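Everything numeric here is computed off the predicted structure, so don't read it as measured data. Proteins get letters first, then strands, A, B, ... in listed order; numbering begins at 1 in each.
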Amino acid sequence: MSTEPVVAEAGRDFIRDIVQADLDAGRYKEIVTRFPPEPNGYLHIGHAKSIALNFGIAQEFGGHCNLRFDDTNPTKEEQEYIDSIQADVHWLGFDWGKNVFYASDYFERLYEWAEGLIRGSLAYVDDQSQEEIRATRGTLTEPGKNSPFRDRSVEENLDLFRRMRAGEFPNGARVLRAKIDMASGNINLRDPVLYRILHAHHPRTGNKWCIYPSYDYAHGQSDAIEGVTHSICTLEFEDHRPLYDWLIEKLPVPSRPRQYEFARLNLTYTLLSKRVLTQLVRDGHVAGWDDPRMPTMAGLKRRGVPPAAIREFVKRIGVAKANSVVDVGMLEFCIREELNRTAQRRMAVLRPLKVVIENYPEGQVEELEAVNHPDDPSAGTRKIAFGRELYIERDDFMENPPKKFFRLSPGTEVRLRYAYFIKCREAIKNAAGEVVEVRCTYDPATRGGNAPDGRKVKATMHWVPAAQSRVAEVRVYNQLFANPSPSAANFAADLNPESLEVLRDARVEPSIVEGSSNEPMQFERQGYFVRDRAFTPERPVFNRTIGLRDTFAKEVGKG
RNA sequence: UGGGGCGUCGCCAAGUGGUAAGGCAGUGGAUUUUGAUUCCACCAUGCGGAGGUUCGAAUCCUCCCGCCCCAGCCA
């Protein structure tokens, strides 16, 4: 066992620097962090940044990270979300062990501490209405006014607070407020609400409570109870820190956690607000929280994005305090990088065009060998049937090709991957003038894909045998939003009408639909695909995770 | 015009007084039975601006400019 100080191998950032300095100074014997979602929605890739930060720091510095549900508002929270959050954190690759907690576990202690605040004349029950409180809070530039109930006696406050808890008053009738400073420049210090009356059923505590602590009151104290050393949250809580510290100082808490803030993740072509995501689902713009176009963990998972790619992504973007918008291309790079390394290759034709090899014997079938991964021989090989009739990609044939088009066109010769060189003789068209079949000849000497005479072809194309291939549905996804910086206020206007394209008569090699593996695959020259959860051998359905980099398309786009 | 933050390459982001890391994107080129991958090269005399201190400043000081957050009994 080494006694060397633990040094993070991952990218350094200002928070890890603080943790390291705290360790070096001997301020803590163990680093404790926490990931504290409110169970009021599904986790998204922005949460992944926070999860990786909190769990990552705990791992790197030999501490632990708690999963804590910040369930202080029963009107918004549901068990469904508690369950999905746990599943998603696990899927991302992090484990809280036994350390799963709920703010609601601490309601009794929080309540007792609140009475303590009252006894110390640091909190009071305010009878003002919500409107009155708002009206007397002041503005950004003007101080607020003290509540007429601010100087109630301790006895009266205690009595009222207990009756609040006992359920004597309706929602909104009274609140418990901290007595701080109505003239503070920091609005969070203008007598913030600590408890409100909410006659609502809580997913964990049921109907036991009808008063609930506010975030500000519950969060820091929960941290302290759990022995959290570094309470990491996003930038918008910066001005809550003085209140966080005030409560920690005034209350008899068992430890003194400190809050640090970092910038939340923003992505181009993406909206991550819970409000928007919820509305996207509710209004039917997507098929659900796990629609593969959603930036939710569930969506990314169903889309086929490997958790390792997300971890790599959040590692690469770093942690800082500057508001920023990360190019979604960065995420896509990480997905391709991971999938290129791990996904086995297969052949599938998304938009089939029939090819008949005129000089190939009618009825003959032979088996060709294909490698499963070009850079990983241990992935092995497989056999693919080859016959007189095949399918190739529609895009791979052009009757009147522009310059720089290397694929098949009348008179040109190309290679069918793992098979033969073929040469196009003629294109057969239907009445509408569309090419429906391509007649070719093959060179038997090029079996396996090489010409004994050393002649070269400029293109190698994927293909699938007509008789042995299977029909499949392939869902091709593009950005959900067409605008690189979609409007959160009016997101519907920025939706990409072409975010989903369903190809119902794709043709895939049999190995793709056989077996029970749900591993991602690369359909050669197309991209990476996974079986959708709706997949059955009888009705195979695939999702395209992401396309391959396509410099040819880019070239064409330029022209 | 109150309080709290932030401004380094198209996008992230190191840098903490010693002469601008890295990644993504982009651009050239090599290899290639995926127009993929891989590899190699190029890509900030400049760090929001203006002054100042210093032998030396992205880093220190002054002033200015811009952007973000806060007036929920949401988190």
Candidate list A/Leu416, A/Ile392, A/Leu408, test side chain to side chain contact (heavy atoms under 4.5 Å, CB included), partner A/Cys440, passing option: A/Leu408

Consider only side-chain N and O atoms of A/Glu524 and A/Gln522, and report whether a donor and an acceptor are under 3.5 Å apart. no

Excluding sequence neighbours, so at least two apart, what forms salt bridge (charged side-chain N to carboxylate O under 4.0 Å, His left out) with A/Glu168? A/Arg163

For atom CZ of A/Phe14 and atom P of B/A14, their distance in whole Å: 9 Å

Tell me whether the count of non-hydrogen atoms from other residues, nucleotides or ligands lying under 6.0 Å of NZ in A/Lys423 goes above 12. no

Sticking with atom P, work out how far B/A57 lies from B/G52, rounded to a whole angstrom. 12 Å

Minimum heavy-atom separation for A/Ala488 and A/Val276, please, with both atom names. O-CG2, 3.8 Å

Those residues of residues 69-78 of chain A lying under 4.0 Å from RNA chain B by at least one heavy atom: A/Asp70, A/Thr72, A/Asn73, A/Lys76

Side-chain donor/acceptor of A/Asp239 to base of B/G3, under 3.5 Å: yes

For A/Asn171 and for A/Lys49, locate the closest nucleotide of RNA chain B by heavy-atom distance; then report the residue assigned to the nucleotide nearer the 5' terminus. A/Lys49

Syn/anti state of B/G72 by chi, 90° boundary around 0: syn

Between atom NE2 in A/His373 and atom P in B/U38, what is the gap in whole Å? 10 Å

Please report whether the ring centroid of A/Phe386 lies less than 6.0 Å from that of A/Tyr420. yes

Strictly under 3.5 Å: I want the nitrogen or oxygen pairs between protein and nucleotides 9-12 of chain B, one per line.
unit_1, atom_1, unit_2, atom_2, d
B/C11, O3', A/Val325, O, 3.1
B/C11, O2', A/Val325, O, 3.0
B/C11, O2', A/Asp327, N, 3.2
B/C12, OP1, A/Val325, N, 3.0
B/C12, O5', A/Val325, O, 3.3
B/C12, O2', A/Ile317, O, 2.9

My understanding is that only residues two or more places apart in sequence, or in another chain, count here; which of them pass ring-ring contact (aromatic ring centres under 6.0 Å, His included) with A/Tyr195? A/Phe161, A/Tyr217

Collect all protein-nucleotide pairs involving nucleotides 35-37 of chain B in which both atoms are nitrogen or oxygen and the distance is under 3.5 Å.
unit_1, atom_1, unit_2, atom_2, d
B/G35, OP1, A/Arg525, NH1, 2.9
B/G35, O2', A/Thr551, OG1, 3.1
B/G35, O2', A/Phe552, N, 3.3
B/G35, N7, A/Arg407, NH1, 2.2
B/G35, O6, A/Phe406, N, 3.1
B/G35, N1, A/Lys404, O, 2.8
B/G35, N2, A/Lys404, O, 3.3
B/A36, OP1, A/Thr551, OG1, 2.8
B/U37, OP1, A/Arg549, NH1, 3.4
B/U37, OP2, A/Arg549, NH1, 3.0
B/U37, O2', A/Asn340, ND2, 3.1

So, is A/Arg134 near the phosphate of B/G72, with a side-chain N or O under 4.0 Å from OP1 or OP2? yes

Between A/Arg346 and B/U34, is there a side-chain N or O to OP1/OP2 distance below 4.0 Å? no

Under 6.0 Å between the ring centres of A/His202 and A/Phe107? yes

When you compare B/U16 with B/G23, how far apart are their C1' atoms, in angstrom units rounded to a whole number? 23 Å

Side chains of A/Thr446 and A/Arg415, donor plus acceptor under 3.5 Å: no

Send over the distance from A/Phe237 CZ to B/G72 C1', rounded to a whole Å. 12 Å

If only side-chain N and O atoms of A/Lys554 are considered, is one of them under 4.0 Å from the OP1 or OP2 phosphate oxygen of B/G26? yes

Short side-chain N/O contact to B/C74 OP1/OP2 from A/Arg196, under 4.0 Å: yes

When you check the side-chain N and O atoms of A/Ser214 and A/Arg196, is any donor under 3.5 Å from an acceptor? no

I'd like the C1' distance from B/C24 over to B/U19, given in whole Å. 28 Å

Test side chain to side chain contact (heavy atoms under 4.5 Å, CB included) applied to A/Glu337 - qualifying residues, sequence neighbours left out: A/Glu312, A/Arg316, A/Phe333

Expressed in whole Å, how much space separates the P atoms belonging to B/C63 and B/G3? 15 Å

Donor-acceptor check, side chain of A/Asp127 to backbone of A/Arg174, threshold 3.5 angstrom: yes or no? no

Whole angstrom is fine here: how far is it from CG in A/Asn266 over to P in B/C69? 10 Å

